[in-house]
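What follows is one structure encoded as structure tokens, with my remarks underneath.
These numbers come from the heavy atoms of this one structure, side chains and all, not from hydrogens, waters or symmetry mates.
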Amino acid sequence: MQSGSTITAELLAADVSRKKMLPFRSQITARSRDEFDGWVRHDGEEIIIVLSGAIEVYTEYYEPVVLHEGDSLYFDSTM
């Protein structure tokens, strides 16, 4: 389990070697965009699947989108 000021994340399938992806289950603890220091970027791609609640997702080049339970979003994580 990894904790930060805005997200708590748990690496899934940690014992599987030679993965081509890193699956995480995360809990967003931030309650507003103001709690983030800036854009979070890294190489690769991400998928968000909302298990419960709702989240507003901001990206550098697109309008914000609100995702609800059962919704998903796949995106380039360099933006």
Side-chain angles (χ1 to χ4, degrees):
M1 186 75 69
Q2 182 180 38
S3 289
S5 62
T6 56
I7 298 173
T8 300
E10 173 188 5
L11 178 61
L12 303 175
D15 56 338
V16 176
S17 62
R18 298 168 47 185
K19 292 186 288 290
K20 294 188 184 213
M21 63 180 230
L22 293 173
F24 283 90
R25 179 177 32 231
S26 301
Q27 180 176 9
I28 309 303
T29 54
R31 295 296 172 238
S32 78
R33 183 176 174 211
D34 297 334
E35 292 182 48
F36 289 88
D37 238 358
W39 298 111
V40 177
R41 295 181 182 101
H42 58 83
D43 290 338
E45 299 167 329
E46 291 194 29
I47 185 167
I48 297 172
I49 303 169
V50 180
L51 301 178
S52 66
I55 184 173
E56 189 168 11
V57 180
Y58 291 83
T59 60
E60 192 171 9
Y61 303 116
Y62 298 97
E63 292 296 316
V65 62
V66 177
L67 303 177
H68 298 276
E69 186 173 324
D71 290 342
S72 62
L73 178 68
Y74 182 78
F75 61 96
D76 177 345
S77 51
T78 62
M79 63 174 177

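- In this structure the side chain of Ile48 reaches within 4.5 angstrom of the side chain of Phe75, judged on heavy atoms.
- Counting heavy atoms from C-beta on, the side chains of Val66 and Ile55 never come closer than 4.5 Å.
- Atom CD of residue Glu60 and atom CG of residue Asp76 lie 10.0 Å apart, to the nearest 0.5 angstrom.
- Residues passing the side-chain hydrogen bond (donor to acceptor under 3.5 Å, both in side chains) test with Glu45, sequence neighbours excluded: Tyr74.
- Of all the heavy atoms in Pro64 and Glu56, the pair that sits closest is CB-OE2, 3.8 Å.
- The two residues Val16 and Lys19 have their closest heavy-atom pair at O-NZ, 2.9 Å.
- Between the OG atom in Ser26 and the CG atom in Leu51 there is a gap of 10.0 Å [rounded to 0.5 Å].
- Across all non-hydrogen atoms, the minimal contact from His68 to Ala54 is ND1-CB, 3.6 Å.
- In this structure, Met79 is a member of the same hydrophobic cluster as Leu67, with clusters built from ILVMFWY side-chain heavy atoms closer than 4.5 Å.
- Distance CG/Leu22 to CD/Glu46: 10.0 Å, rounded to 0.5 Å.
- Using a 4.5 Å cut-off on side-chain heavy atoms (C-beta onward), Leu73 and Asp71 make no contact.
- In the hydrophobic clustering of this structure, Tyr62 groups with Val50; members are Ile, Leu, Val, Met, Phe, Trp, Tyr whose side-chain heavy atoms approach within less than 4.5 Å, directly or through other members.
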